[in-house]
Amino acid sequence: MEYSYSGIVAGLKTFYASMRQLNVEKGTFEHKYNNVISDTIFDTRDSGGWKLAFIKRASGSVLCVPIQKGYRLSINGNTEYNDFINYFGIGNGKGQFTIKEFVYNLDGQVPNEYILSDEK
């Protein structure tokens, strides 16, 4: 049986609205989960489907996760699930992790506003 999950990341709606005010199609923010720090890109350029790209600061590893209509993060299929748990170093034994908890964590880290900055 193939793995399938989707959960709403409500904070992306507000973040996206602030991106649109600036005429920006890719917004970035920092995300921390399970001792993994990622620069996260919310990419809305493709009308066929948006995505979140997590870029691990320590190694540069990249994980792309689709965002469906309604700001739903979706993981479909065992390959996507395995890529996800490997990226974040999550054990996949019973009770070690829930995707719902991850979505809640992610939602809490999405900024309310996208701010353009020239600072380096």
Side-chain angles (χ1 to χ4, degrees):
M1 181 176 208
E2 289 285 310
Y3 183 86
S4 181
Y5 176 85
S6 72
I8 296 172
V9 184
L12 288 176
K13 182 176 183 178
T14 306
F15 189 64
Y16 178 63
S18 72
M19 288 168 52
R20 287 191 46 119
Q21 288 178 343
L22 298 169
N23 200 28
V24 172
E25 295 179 314
K26 292 188 300 185
T28 59
F29 60 94
E30 180 182 88
H31 176 256
K32 298 176 185 173
Y33 187 78
N34 200 33
N35 296 317
V36 174
I37 300 172
S38 301
D39 291 310
T40 306
I41 301 170
F42 181 36
D43 187 349
T44 64
R45 294 175 296 170
D46 185 352
S47 61
W50 297 345
K51 66 182 175 186
L52 280 176
F54 296 90
I55 304 167
K56 198 179 290 187
R57 285 195 183 161
S59 65
S61 299
V62 177
L63 173 71
C64 292
V65 179
I67 301 295
Q68 299 173 340
K69 288 184 179 182
Y71 304 94
R72 289 188 164 276
L73 178 141
S74 65
I75 298 175
N76 294 303
N78 295 338
T79 300
E80 282 187 19
Y81 178 74
N82 287 329
D83 290 346
F84 180 87
I85 62 172
N86 289 332
Y87 178 90
F88 287 106
I90 299 166
N92 63 353
K94 188 172 179 86
Q96 292 186 28
F97 163 75
T98 67
I99 193 79
K100 184 176 180 179
E101 185 267 329
F102 173 83
V103 169
Y104 178 80
N105 172 278
L106 173 62
D107 190 45
Q109 293 186 51
V110 175
N112 291 327
E113 182 179 14
Y114 182 68
I115 300 170
L116 290 173
S117 174
D118 289 333
E119 295 178 18
K120 299 216 178 206

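- When all heavy atoms are compared, the tightest approach of Thr14 to Asn112 is CG2-O, 3.1 Å.
- Hydrophobic clustering places Leu63 together with Phe102 (ILVMFWY residues linked when any side-chain heavy atoms are closer than 4.5 Å, directly or through intermediates).
- Taking a 4.5 Å side-chain heavy-atom cut-off between Ile, Leu, Val, Met, Phe, Trp and Tyr, the cluster of Val62 extends to Ile41, Ile55.
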Query raised in the report: Which is it for Arg57 and Glu30 under the side chain to side chain contact (heavy atoms under 4.5 Å, CB included) test, yes or no, and what are the steps along the way?
Result: CA-CA 10 Å; Arg57 285 195 183 161; Glu30 180 182 88; 2.8 Å; yes
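- Hydrophobic clustering (side-chain heavy atoms under 4.5 Å, transitive across Ile, Leu, Val, Met, Phe, Trp, Tyr) groups Leu12 together with Tyr5.
- The environment of CZ in Arg20 is sparse: at most 12 heavy-atom neighbours from other residues, nucleotides or ligands sit within 6.0 Å.
- Residues Tyr114 and Gly27 come closest through the heavy atom pair CE1-CA, 3.6 Å.
- To the nearest 0.5 Å, atoms CG (Asn82) and CD1 (Ile90) are separated by 11.0 Å.
- Taking each heavy atom of Asp107 and Val9 in turn, the nearest pair found is OD1-C, 3.4 Å.
- With rounding to the nearest 0.5 angstrom, the OH atom of Tyr87 is 7.0 Å from the OG atom of Ser59.
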Query raised in the report: Can you list the steps and then say if Phe54 with Tyr33 is a ring pair (Phe, Tyr, Trp, His ring centres under 6.0 Å)?
Result: CA-CA 11 Å; Phe54 296 90; Tyr33 187 78; 9.5 Å; no
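- The neighbour count for Asp46 CG, taken as heavy atoms of other residues, nucleotides or ligands under 6.0 Å away, is above 12.
- The aromatic rings of Phe42 and Tyr16 lie perpendicular to each other, with more than 60° between the two planes, well past the 30° mark.
- In terms of hydrophobic clustering, with Ile, Leu, Val, Met, Phe, Trp and Tyr side chains grouped at heavy-atom distances under 4.5 Å, Leu73 and Tyr3 are assigned to a common cluster.
- Going from atom NE2 of His31 over to atom CD of Gln109 covers 4.5 Å, rounded to the nearest 0.5 Å.
- Taking the six-membered ring for Trp and thresholds of 30 and 60 degrees, Tyr71 and Trp50 have ring planes inclined between 30 and 60 degrees apart.
- In plain terms, the two heavy atoms of Glu2 and Asn78 that are nearest each other are OE1-N, 2.9 Å.
- Around atom NZ of Lys56, more than 12 heavy atoms belonging to other residues, nucleotides or ligands sit under 6.0 Å away.
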